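Just passing along the structure, written as structure tokens.
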Amino acid sequence: MLPASARLRKSSEISAVMKSGTRFSAKLVVLHVAQSSSEHTKVAFAVGKNVGNSVVRHKVTRQLRHAITPLIGSFPAGSHVVIRALPEANQASFSQLSENLKFALSKLAKS
RNA sequence: CGAGUCGGUCGGAUGAUCGCGGUAGCCGCAAGGUUAUCGAGGAAAGUCCGGACUCCAUAGGGCAAGAGUGGUGGAUAACGUCCACCUGGGGCGACCCACGGGAAAGUGCAACAGAAAGUAAACCGCCUAUCUUCAUUUAUGGAGAUAGGUAAGGGUGAAACGGUGAGGUAAGAGCUCACCAGUACUUAUGGCGACAUAGGUAGCUAGGUAAACCCCACUCGGAGCAAGACCAAGUAGCAGGUGACUGCCCGUCACACGCCUGCAGGUAGGUUGCAACAGGUUGUUGGUAACAACAAUCGCAGAUGGAUGAUCAUCGCGCGCAAGCGUACAGAAUCCGGCUUACAGACCGACUCGUCUA
């Protein structure tokens with residue numbers, strides 16, 4: 001679990017990011033990033049039913065959460081981020097997920 | 001030792017590093033920090049039953065409709081659950097299986113085959129009579145037709161209107177008799193009861209299907225924690241403006257048309273409901289048992305885009321010569337009691353049958 005300040009909690013904010021944010025995709029995950037006026041970078045996860053059953057989805061979410069924690073500082077301050085998992089993520093190891101997130105972040109840095 | 005039946009338990013372990021949520025204490029105005037402690041399951045699943053709880057409806061009662069249940073007795077808050085027993089069926093046995101009321105209240109249904117699937121019915125066969133014809137031993141036999149009798153035999157089917165034997169008959173038939181099976185009514189005994197055992201009477205046979213309609217008995221108001229309660233931005237709504245005539249009310253005039261104040265309503269959002277009880281464990285007593293009573297003891301998740309973890313190492317277990325691979329089903333969402341379904345593997349207890357030894 002991320003600290004409360006780093007969690008994106010309101011469904012209205014999340015849907016706003018999904019609609020209007022910029023997408024950066026990798027093999028296993030897709031980042032949706034949008035700027036906001038708040039001080040903290042906030043993160044939310046979207047793991048759909050096509051990824052697997054409840055146990056698998058929860059496991060992927062936990063792995064993503066721990067993989068993103070050291071990378072939060074790499075986002076521009078005040079970013080709102082939604083990390084969407086693709087179906088192939090259910091087979092991935094922690095290091096693979098971590099690599100994917102870094103790859104997507106490098107795309108963000110270039111833009 | 002082998003084969004099996006029933007019931008139950010567990011379902012990875014340890015360490016290191018980095019994290020999250022609740023509660024309590026302390027510090028802090030607060031944000032928060034810090035210490036301690038707790039933090040997924042046997043099915044948390046399917047959401048199929050039953051309750052608690054909440055709101056709505058309801059004077060009280062009845063009838064109808066609709067839905068559900070269906071051997072008997074008990075357990076329980078309740079149940080479609082559980083226990084014991086009965087009946088029927090299966091197994092050498094331990095034991096297992098059964099949506100187990102009514103088919104002589106009525107309506108309906110039954111593929112294919114078959115003559116016929118129900119107030120029965122004549123395809124083959126068997127028997128009798130009449131007629132025709134053939135043969136001869138001249139009153140008998142064969143063949144055919146017509147009319148009738150016959151459910152014993154054949155054949156069909158999942159199922160065909162009791163079974164065996166004897167009498168009887170033209171041939172047959174519960175037509176009659178004996179025994180057996182079954183039905184209805186009834187008596188006695190045992191049992192709380194379902195029912196069992198033994199007898200009597202009747203009529204001689206009454207098919208299946210009620211998870212088809214239906215009949216009988218019993219049960220049921222509806223919606224659900226996104227219930228409900230409280231607080232409450234914003235927007236829109238209603239009320240109240242300031243000055244002068246005039247000290248107050250009404251009225252008139254001027255200024256402003258924005259802001260402020262109040263109000264109820266209640267959206268976003270927040271708080272609550274929300275975790276200490278039909279509670280777990282151990283023991284004693286009662287009960288065949290389900291279970292109940294009593295005593296001691298324990299405190300045992302509470303999130304809300306949703307915590308309960310991530311990574312690494314070592315070990316365990318299974319497969320494999322080894323490298324190595326695998327390590328199930330599955331993630332709380334108001335809470336309990338059940339049912340059903342999924343599940344790698346490990347373990348314990350009771351009992352049955354067989355073989356060997358003593």
Side-chain angles (χ1 to χ4, degrees):
Chain A
M1 191 74 175
L2 299 164
S5 61
R7 269 182 280 160
L8 193 59
R9 309 184 81 162
K10 295 187 180 175
S11 59
S12 56
E13 293 176 337
I14 291 171
S15 52
V17 172
M18 295 286 280
K19 271 186 186 175
S20 61
T22 320
R23 280 192 299 170
F24 303 95
S25 54
K27 256 187 184 173
L28 304 176
V29 294
V30 179
L31 299 187
H32 297 256
V33 182
Q35 278 300 312
S36 78
S37 53
S38 66
E39 297 178 17
H40 298 285
T41 298
K42 292 189 173 183
V43 181
F45 301 92
V47 182
K49 280 199 174 170
N50 52 4
V51 175
N53 67 16
S54 174
V55 174
V56 173
R57 290 201 305 272
H58 195 199
K59 180 179 169 62
V60 169
T61 309
R62 290 193 309 252
Q63 288 179 324
L64 283 175
R65 186 182 296 134
H66 283 276
I68 199 68
T69 307
L71 305 174
I72 283 179
S74 318
F75 290 96
S79 297
H80 281 183
V81 183
V82 174
I83 301 170
R84 188 152 55 87
L86 297 174
E88 291 76 25
N90 60 5
Q91 300 288 332
S93 70
F94 178 75
S95 53
Q96 283 175 301
L97 286 173
S98 204
E99 287 302 310
N100 260 264
L101 284 172
K102 283 175 186 165
F103 174 75
L105 257 172
S106 66
K107 281 179 142 183
L108 168 62
K110 283 180 195 168
S111 65

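Just so it is clear, the structure is predicted and the values come from calculations on it, not from any experiment. Chain letters run A, B, ... following the sequence lines, proteins first, then strands; residues in each count from 1.
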Give the rounded distance in Å between these two atoms: CZ of A:Arg57 and P of B:rG306.
-> 13 Å
Considering only atom C1', compute the distance from B:rG155 to B:rG68 and round it to an integer number of Å.
->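 It comes out at 50 Å once rounded to the nearest Å.
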Between the CZ atom in A:Phe75 and the CD1 atom in A:Ile68, the distance rounded to the nearest 0.5 Å is 4.5 Å
Partner residues of A:Val55 under the side chain to side chain contact (heavy atoms under 4.5 Å, CB included) criterion, sequence neighbours left out |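 Per chain and number, A:Val55 pairs via side chain to side chain contact (heavy atoms under 4.5 Å, CB included) with A:Asn53.
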For atom P, what is the distance between B:rA151 and B:rU186, given to the nearest Å?
-> 35 Å
Nucleotide forming a Watson-Crick or wobble pair with B:rC351, both distances under 3.5 Å |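 Its partner is B:rG4 (Watson-Crick or G-U wobble, both distances under 3.5 Å).
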Can you give me the N/O atom pairs linking the protein to nucleotides 330-332 of chain B at distances under 3.5 Å, or say none if there are none?
{"from": "B:rG331", "atom 1": "N7", "to": "A:His58", "atom 2": "ND1", "distance (Å)": "3.0"}
{"from": "B:rG331", "atom 1": "O6", "to": "A:Arg62", "atom 2": "NH1", "distance (Å)": "3.2"}

A:Leu105 side, atom CG; A:Asn100 side, atom CG - distance, nearest 0.5 Å = 11.0 Å
Spacing of the C1' atoms in B:rG338 and B:rA78 (rounded, Å) = 11 Å
Would you name the heavy atoms of A:Phe24 and A:Ala104 that are closest together and state the gap between them?
-> CB-O, 3.9 Å
Atom CZ of A:Phe45 to atom P of B:rC20: distance rounded to whole Å?
-> 13 Å
Using the C1' atom as the reference point in each nucleotide, state the distance between B:rC291 and B:rC82 in Å, no decimals.
->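 One C1' to the other, the span is 10 Å.
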A:Ile68 CD1 to B:rC18 C1', in whole Å, measures 16 Å
Side-chain N or O of A:Arg65 closer than 4.0 Å to phosphate OP1/OP2 of B:rG306 |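 A:Arg65 to B:rG306 OP1/OP2: side-chain N or O found under 4.0 Å.
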Nearest-angstrom distance, C1' atom, B:rA342 to B:rC55 =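 My reading of the C1' atoms in B:rA342 and B:rC55 gives 38 Å.
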Over all heavy atoms of both residues, which pair between A:Leu28 and A:Glu88 is shortest? Give the atoms and the distance, please.
-> CD2-CB, 3.7 Å
Under a 3.5 Å limit for both distances, which nucleotide forms a Watson-Crick or G-U wobble pair with B:rU146, could you say?
-> B:rA129
Partner nucleotide of B:rU189 by Watson-Crick or wobble geometry (both distances under 3.5 Å) = B:rA196
Test side chain to side chain donor-acceptor pair (under 3.5 Å) applied to A:Arg23 - qualifying residues, sequence neighbours left out = none
Calculate the interatomic distance between A:Lys42 atom NZ and B:rG306 atom P; express it in whole Å.
->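 Distance, rounded to whole Å: 12 Å.
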Any strand is fair game: report the nucleotide pairing with B:rA310 by Watson-Crick or G-U wobble, both distances under 3.5 Å, or none.
->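 The answer is B:rU17, by the H-bond criterion.
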Under the rule syn = chi within 90° of 0, otherwise anti, which is B:rC97?
-> anti
OG/A:Ser25 to CZ/A:Arg84 distance, rounded to the nearest 0.5 angstrom?
->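 The OG atom of A:Ser25 sits 9.0 Å away from the CZ atom of A:Arg84.
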What closest approach, in Å, do A:Val51 and A:Leu86 show between heavy atoms, and which atom pair accounts for it?
-> CG2-O, 4.0 Å
Separation between the P atoms of B:rG101 and B:rG71, rounded to whole Å = 7 Å
Could you check how far NE2 of A:His66 sits from C1' of B:rU311, rounded to whole Å?
->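 Taking atom C1' of B:rU311 as the reference, NE2 of A:His66 is at 9 Å.
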To the nearest 0.5 Å, what is the distance between OG (A:Ser95) and CD (A:Gln63)?
->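 A:Ser95 OG to A:Gln63 CD: 9.5 Å, rounded to 0.5 Å.
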For the pair made of CD in A:Gln96 and C1' in B:rA310, what is the distance, rounded to whole Å?
->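 These atoms are roughly 16 Å apart.
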Mapping A:Gln63 and A:Val47 to their closest nucleotides on RNA chain B, which lands nearer the 5' end?
-> A:Val47
Base paired to B:rA226 (Watson-Crick or G-U; both N/O distances under 3.5 angstrom) | none
Look through every strand shown and name the nucleotide pairing with B:rC329 as Watson-Crick or G-U wobble, where both distances are under 3.5 Å.
->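 B:rC329 is paired with B:rG41.
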Any idea if B:rG174 is syn or anti, going by the 90°-from-0 cut?
->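 Here B:rG174 takes the syn form, which means its glycosidic angle is within 90° of 0.
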Using atom NE2 of A:His80 as one end and atom C1' of B:rG305 as the other, report the distance to the nearest whole Å.
-> 14 Å
Nucleotide paired to B:rU282 in any strand shown, Watson-Crick or G-U, under 3.5 Å |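 Paired with B:rU282, as far as the under-3.5 Å criterion goes, is B:rA295.
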Against the side chain of A:Phe94, the closest entry in B:rG305, B:rU311, B:rG309 is B:rU311
Anti or syn - B:rG22, cut at 90° from 0 =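 Nucleotide B:rG22 adopts anti.
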Determine which nucleotide pairs with B:rU58, using a 3.5 Å limit on both distances of a Watson-Crick or G-U wobble pair.
->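 When the pairing criteria are applied, nothing turns out to pair with B:rU58, so the answer is none.
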Mind calculating the distance between CG (A:Leu64) and P (B:rG309) to the nearest angstrom?
-> 17 Å
Is the base of B:rA45 syn or anti, if syn means a glycosidic angle within 90° of 0?
->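 Anti, angle beyond 90° from zero.
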Closest heavy-atom pair and its distance - A:Pro70, A:His66 = CD-O, 3.4 Å
Distance between the C1' atoms of B:rG287 and B:rA84, in whole angstroms?
-> 12 Å
B:rA307, B:rG309, B:rG305: which one has an atom nearest the side-chain heavy atoms of A:Ala44?
-> B:rG305
Interatomic distance at C1', B:rC300 relative to B:rU281, whole Å |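 Between the two C1' atoms, the distance is 12 Å.
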